[in-house]
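Everything below concerns the one structure shown next.
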Amino acid sequence: MKKPLPLSRPRKNRLLRTLSSSLMPSALAHWLGVRAIAIAPEQIALREGMRAGVAVGAVMILALKLSMPLMAWSAFAAFWTCLVDPGGLLRTRVRTMLIFGTAGTCVTGIMSAAAGVGVVPSFIGLGIFSFLCGLARKRGAIATQISVLVAIVAVVAVCYPQTPLGALHLSGLFVLGSGWAMLICVAAWPVDPYAPQRQACSAIFREQARMASRLLDVMGQPPSVTLQHQAISAYRRDIRSRIEQARSKIEVLSAGAFTSRTRAVLLPAIETADRLFITVMAFEHAVLSGVTSATARRTVRLVAATLQRAARESLRPEPRPEAFDKQIRFLRLLGAGNTDLFTKGANHCADALADLQAAWQNPKTTPARAPQTPPAATTAAPSSSSLVFVRHAARLSVAVMVAYAISLKLALPYAYWAMMAVVVVTQPKASTTLPRTIERVAGSVAGGLLAAVMGVLLPMWAILIMVFPLAAATIALRSVNYALCVMFMTQLFVMVTDLVSPALGWDVALSRSINNIIGSLVGLAGCLLLWPEKRQAPLSAQVAAAFNANMRYAALATRLDPVPWEDIEKARRDAGTSSTQAEILCQQAKIEGLRRSNTLETSQTILFLLRKLAGAASVWWMEQSPTPTEQALKRAQFYAQSYVLLAQGQNTPLTLQDMLNQLRSTDPDTV
């Protein structure tokens, strides 16, 4: 009876992958990702969404049946409780929901009673709770999630002024909704607690397979600079980011029996994906340089199919090591000659898969390693980190009170929407606040328009039915993209408001959109104007760091004496990560209005050439042989000298133009 269960999950995941691919094409996902707008179609959580739909929908049916409009507060509490559920182990989930339910109940009563007393107590309560919730971020990701939602409870409760007895009644409604949602989340539709990590790992292999498959379309076509830029930058940037994010999520898993085993299965898969990435990069560079042989086509096609197989196996709770037997055998046959880049790449892929097989056959359930901190940072980090969160808490507190004052001055209906926008938009760093503001505004406007249309055209019974899919979609998409989540959440809140306050039609949706825009702008202004942090390293410094890292990788990849795999892998990861950071900073500079800057254009050209150099370095590393050619000797000498000169001249760093001239004079295709 246990065998059909694992076999049924991949079928469901294939359906989800097909659906997510049709809704969010890979090219669009890359385009959004490089603009600091996170998108992860593989993280659609249908079961979690269905639980939320049942929790919220059941409460709304009961509220309408009993003719209790105030019971919408229970629906809000149920939705927030589903939203705060972090997933993972049951103990962590229950503890998180209990903490949120307790804090939300207390905050509901206090803020509602304060609002019933007057404006001054309302401002004092908002300031105190906003500051405390902002300060709670320093306790980690789960604490951040709880604190943000508790702050939202505070800003919504202040718009429900009650007498002390009425505030106690409102707190009881919150307990009712939160407890019901917790019961649904814990008891209904149990899910694999480590599905997000498996999906993230699978997505890495799948994206590499897409990267390889695109090379088959490029073969035989004339080289295109635009195509090269898209192929070299977008896929490598996205895959490198996915690898590092997935590795960090998996490495911190605890040492429990099941947790440690999951870590022991997924971590080798991430390392294998990283090893295969160097092969795919080398193939990409060779194909974009004009290589179109029959061996190249066969190898690329087989590697792409192998990566798809790895993506499917990574989704299984118990992956099958024997699933790679056929792929390894075919890769060994293709690499039998070991004469050119593609045959060597086939052998490299076969070695990586064989190591993954061995790791899956005998997983070592070792405790998770504690993150290592550089010795120099051990004394200075805590104080600077605390200062960041104190500054964020102060910003959040002031921004929430400013939004509340604006809503009172303008007599805005549903003022809590403006304050909610401030809470979710305001981030500890201004660089992350701007993308969140754009996503919040876009999602609110789109959701408000759709909700307005539905509110006018649909009858009351249809609006009640819509509560279920809207709540389900909001929770299911919360880890996919923030703008999509906000769009469905906006429709949900408008529909619930429409049910308890009928005949409002367009007004409630319009108010939601306007208030969200006001709150988002207030939050952004607070980050930019209130105690602004030191600006991050300028674009030129980020580009210089990427230049140094890529030159070091090229120097190690061209060395004639053997370089340990750990050293070459670290250099490649540093080169990819630094290039990604610089490219994202370029995109942020475009958003800030520097599109036509000469510095920006020069930086983009340098980063494109660095991606090209990284691909060439991967090729050179794979083509190494005991008897190097004359060209390989010259190349090794050139990059060794270049890196030594670069290291010696650290006190007088190169300008952007110097870097560009050096890269243009040393075209990887000719060096």
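Residue numbers start at 1 and run along the sequence shown.
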- prompt: Between CE of Met111 and OG of Ser122, what distance do you get to the nearest 0.5 Å?
  reply: 5.5 Å

- request: Could you check if a side-chain atom of Leu408 sits within less than 4.5 angstrom of a side-chain atom of Phe123, using non-hydrogen atoms only?
  value: yes

Check: Ser397 main-chain N/O paired with Ser130 side-chain donor or acceptor under 3.5 Å: no

message: Let me confirm one number: the CZ-CD1 distance from Arg247 to Ile270, rounded to the nearest 0.5 Å.
response: 7.0 Å

- prompt: Should Leu266 and Tyr194 count as side-chain neighbours, where that means a heavy-atom distance under 4.5 Å?
  reply: no

- request: Measure from the side-chain N and O atoms of Arg395 to the backbone N and O of Trp531, and report whether any donor-acceptor pair falls under 3.5 Å.
  value: yes

query: What closest approach, in Å, do Val153 and Gly104 show between heavy atoms, and which atom pair accounts for it?
result: CG1-O, 3.8 Å

- request: Could you list all the ring-ring contact (aromatic ring centres under 6.0 Å, His included) pairs where at least one residue sits in residues 139-163, not counting sequence neighbours?
  value: Trp73-Tyr160

message: Can you give me the closest heavy-atom contact between Ala75 and Val59, atom names plus distance?
response: N-CG1, 3.5 Å

- line: Rounded to the nearest 0.5 Å, the CD atom of Gln145 sits from the CZ atom of Phe100 at a distance of 10.0 Å

field: No-hydrogen, no-angle side-chain donor-acceptor test under 3.5 Å, Thr81 and Ser178
entry: yes

- request: Supply the atom-to-atom distance Leu470 CG to Met487 CE, rounded to the nearest 0.5 angstrom.
  value: 9.5 Å

message: Closer than 3.5 angstrom, by distance alone: can the side chain of Ser171 be matched with the main-chain N or O of Ala167 as a donor-acceptor pair?
response: yes

query: Of the non-hydrogen atoms in Leu149 and Trp80, which two are nearest, and what is the gap between them?
result: CD1-O, 3.6 Å

task: Output yes when a side-chain donor or acceptor of Gln581 lies under 3.5 Å from a complementary backbone atom of Ala546, and no otherwise.
output: no

field: Any donor-acceptor pair under 3.5 Å from Ser147 side chain to Thr144 backbone
entry: yes

Heavy-atom check, side chain of Ile475 versus side chain of Arg51, under 4.5 Å: no

- prompt: Looking only at heavy atoms, which two atoms of Ala55 and Ala78 are closest? And how far apart?
  reply: O-CB, 4.2 Å

- prompt: Can you pull the ring-ring contact (aromatic ring centres under 6.0 Å, His included) pairs that have at least one residue in residues 129-149, sequence neighbours excluded?
  reply: none

task: Mind checking the CG-CZ spacing from Leu135 to Arg391? Nearest 0.5 Å is all I need.
output: 13.0 Å

task: Mind checking side chain to side chain contact (heavy atoms under 4.5 Å, CB included) for Val424 and listing every partner two or more places apart, or none if nothing turns up?
output: Val148, Ile152, Arg440, Tyr482

message: Any side-chain to backbone donor/acceptor pair from Arg93 onto Asp85? Under 3.5 Å, distance only.
response: no

field: Contacts of Ala545 that satisfy side chain to side chain contact (heavy atoms under 4.5 Å, CB included) - sequence neighbours left out
entry: none

query: Which pair of heavy atoms, one from Met419 and one from Ala403, lies closest together, and at what distance?
result: CG-CB, 4.1 Å

- prompt: Mind checking whether Leu492 and Phe488 have side chains closer than 4.5 Å, heavy atoms only?
  reply: no

task: Using side-chain hydrogen bond (donor to acceptor under 3.5 Å, both in side chains) as the criterion, point out the one residue from Gln427, Lys138, Arg137 that pairs with His392.
output: Arg137

message: Treating Asn515 as the side-chain partner and Pro413 as the backbone partner, does any N or O pair qualify as donor plus acceptor under 3.5 Å?
response: yes

- request: Just jot down the side chain to side chain contact (heavy atoms under 4.5 Å, CB included) partners of Val186, sequence neighbours excluded, or say none.
  value: Leu90, Val94, Met97, Met182

task: Indicate the atoms forming the closest heavy-atom contact of Cys133 with Ala151, along with that distance.
output: SG-N, 3.7 Å

field: Leu412 and Trp417, any side-chain heavy atoms less than 4.5 Å apart
entry: no

- line: Rounded to the nearest 0.5 angstrom, the CE-SG distance for Met50 and Cys82 is 13.0 Å

message: Once salt bridge (Lys or Arg N to Asp or Glu O under 4.0 Å) is applied, do any residues pair with Arg573, and if so which ones, sequence neighbours excluded?
response: Glu244

